[in-house]
Chemist: 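Before we start, here is the structure in question, set down as structure tokens.
Note that these values count all heavy atoms, side chains included, but never hydrogens, waters or copies made by symmetry. All ligand and atom numbering here is 1-based and tracks the order in the structure.
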Amino acid sequence: MSTQQKKMAHMALPADFKWGFATAAYQIEGAIDKDGRGPTIWDTFTAIPGKIADGSSGVTACDSYNRTAEDIALLKDCGAQAYRFSLCWSRIIPKGGRDDPINQAGLDHYSKFCDELLAAGITPFITLLHWDVPDELEKRYGGLRNREEFPLDFENYARVCFKGLPQVKNWITFNEPWCSSILGYSVGQFAPGRTSDRSKSAEGDSSTEPWIVGHNLLVAHGRAVKAYRDDFKEANGGEIGITLNGDATFPYDPRDPKDVEAANRKIEFAISWFADPVYFGEYPESMRKQLGDRLPTFTEEEKALVKGSNDFYGMNHYTADYVKHLDGEPPLDDFKGNLETTFWNYRGDCIGDETQSPWLRPCAPGFRDLLVWLSKRYNYPKIYVTESGTSIKGENDMPMEQILQDDFRLQYYDDYVKAMATASALDGVNVRGYFAWSLLDNFEWAEGYETRFGVTYVDYNNGQKRYPKKSAKHLAPLFESLVRKE
Ligand code: PNW
């Protein structure tokens, strides 16, 4: 065995590496009226006919709000060391604003849940906002579009959480601001569903709103991080960061320098849009060039808040695509960076197998590449992979016995985790955690319940009963074989 292979064999991930599963409040909790919860933009959006594939909503979801003990037992059974979940802001402050009352019952629920996780030996990783903005803030001042109010209200909410949940040491401000901005304000596929496409929404401007929303999310993130560092970090001893999503890219034709450039630009438009301001204090040059004054500029105060605001980089990663450059002026609603993405390259090679999600095809080598790309650009930050996983083509239509034998998902995790371990052992990538998406089948946003991502099957027709799939039991031995023992 070569030295490299020896290194690979058993000690590819650092000894303090943590792994577990991830979920989000609106996707699993249900109980939307319980204990004084206020409505969120997803309650409003799912009520509009035609917005969700199967006409469903998060009214019941996995009923996790009422089944915390069951979920913790599942986590334990799978051997999870950590659990990433999100808080529902409007359970804690039903109207959301900084002058609105706090709902102690909501806060108590989460505090008890965190205590129970810790008692079970599972470390909580909390996402403060996973897309479910309090509906009142949307109605009051345009929610995420408001540059003054939103960051102040988010900072207040974050402070309430830091103070009320001192047992939590791992904080994530936002989940995937790209999705909130682009899918919520350009494509209109996610709440609040705004877009220039008048067949989908009476209001919205895809040429400006997503960039304004992205900016406001960054500033709100910066404010929450500053509050944590100023007033909580010392006593709490924890850390805080933001979670960004982005696909790996390959040039459609690697012989064409314009495709090579476009493949890089695609990552800049998806990831560096947020990561450059966080690490460097500026939007990427490629975006400033294409978007001009439609991309907000940071005031000095905003820059000071945002630059240097990550204790770790939260990485959500699922898939890869081939990227083909486009010539000419991009349209005003372009958010990709004047390029096209495909699943086939110029030779007709396919990037990966089809899944139930039109945007997702497994391609583990891309994961290693993107980990390296991020590490080089942002100077080898500490990375937590806060989501990674797959749906399976036709899974929802299979009989339960077949669903429980989810070899496709098991293989996905095996390939992706090994690609990550390789990046850690051979490329110097500083990755310290991995969260499989998801612990449970759950409300998959605009796809409703037809698309399943869980390592646990949830029987929605029979009291949300949970049945672990084969993949649920694969991660513990996999990490056992890869994490160094010291
Ligand atoms: C992530 N896309 O969302 C979210 O953080 C989860 O809540 C979600 O359930 C999971 O991935 C699976 O979809 C994404 O269209 C949704 O590129 C859509 C896209 C990317 C991420």
Chemist: Just checking, Arg91 and Tyr65: is the charged tip under 6.0 Å from the six-membered ring centre and within 45° of the axis?
Modeler: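 Output yes; distance and angle both within limits.
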
Chemist: Going by distance alone, is a donor N or O of one side chain under 3.5 Å from an acceptor N or O of the other, for His317 and Tyr416?
Modeler: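 No - no donor-acceptor pair under 3.5 Å links their side chains.
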
Chemist: Quick one: nearest non-hydrogen protein atom to atom 4 (C) of ligand 1, plus distance?
Modeler: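 Looking at atom 4 (C) of ligand 1, the protein heavy atom closest to it is Glu387 OE1, 3.3 Å.
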
Chemist: Could you tell me if Asn66 and Lys34 have a donor-acceptor pair between their side chains, going purely by distance under 3.5 Å?
Modeler: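 Their side chains do contain a donor-acceptor pair, which is all the 3.5 Å distance test asks for.
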
Chemist: Does any N/O atom on Asn245 come nearer than 3.5 Å to any N/O atom on ligand 1?
Modeler: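 No; the residue has no nitrogen or oxygen that sits under 3.5 Å from a nitrogen or oxygen of the ligand.
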
Chemist: Could you tell me whether Lys51 atom NZ has more than 12 heavy atoms of other residues or ligands within 6.0 Å of it?
Modeler: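 More than 12 heavy atoms, drawn from other residues, nucleotides or ligands, come within 6.0 Å of this atom.
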
Chemist: I need the atoms of ligand 1 closer than 4.0 Å to a non-hydrogen atom of Glu444, numbered in the order shown.
Modeler: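 The atoms of ligand 1 under 4.0 Å from a heavy atom of Glu444 are 8 (C), 9 (O), 12 (C), 13 (O).
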
Chemist: Under a 4.0 Å threshold between the charged nitrogen and the carboxylate oxygen, would Lys469 count as salt-bridged to Asp441?
Modeler: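 Here Asp441 pairs with Lys469 in a salt bridge, since their nearest N and O are under 4.0 Å apart.
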
Chemist: Where is the nearest protein heavy atom to atom 3 (O) of ligand 1: which residue, which atom, and how far?
Modeler: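 For atom 3 (O) of ligand 1, the nearest protein heavy atom is Glu176 OE1, 3.2 Å.
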
Chemist: With nothing but distance in play, are any N or O atoms of Asn442 less than 3.5 Å from an N or O of ligand 1?
Modeler: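 No; every N/O pair is 3.5 Å or more apart.
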
Chemist: Using the ring-ring contact (aromatic ring centres under 6.0 Å, His included) rule, pick out the option among Tyr434, Tyr83, Phe435 that qualifies with Phe125.
Modeler: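 Among the candidates, only Phe435 passes.
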
Chemist: What is the nearest protein non-hydrogen atom to atom 16 (C) of ligand 1, stated with its residue, atom name and distance?
Modeler: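 Atom 16 (C) of ligand 1 sits closest to the protein heavy atom Trp359 CZ2, 4.0 Å.
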
Chemist: Under 3.5 Å, is there a donor on one side chain and an acceptor on the other for Asp276 and Tyr378?
Modeler: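 Checked: Asp276/Tyr378 side chains pair up, N/O donor to acceptor below 3.5 Å.
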
Chemist: Would His130 count as a contact residue for ligand 1, given that I'm defining contact as a non-hydrogen atom of the residue lying under 4.0 Å from a ligand atom?
Modeler: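 The answer is yes, since His130 has a heavy atom less than 4.0 Å from ligand 1.
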
Chemist: Looking at atom 10 (C) of ligand 1, what's its closest protein heavy atom, distance included?
Modeler: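 Protein heavy atom with the smallest distance to atom 10 (C) of ligand 1: Tyr318 OH, 3.2 Å.
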
Chemist: I need the contact type for Asn175 against ligand 1. Using non-hydrogen atoms and a strict under-4.0 Å cut-off, is it side chain, backbone, both or neither?
Modeler: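 The part of Asn175 near ligand 1 is the side chain, not the backbone.
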
Chemist: Is there a nitrogen or oxygen of Gln27 sitting under 3.5 Å from a nitrogen or oxygen of ligand 1?
Modeler: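 It does: an N or O of Gln27 is found under 3.5 Å from an N or O of ligand 1.
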
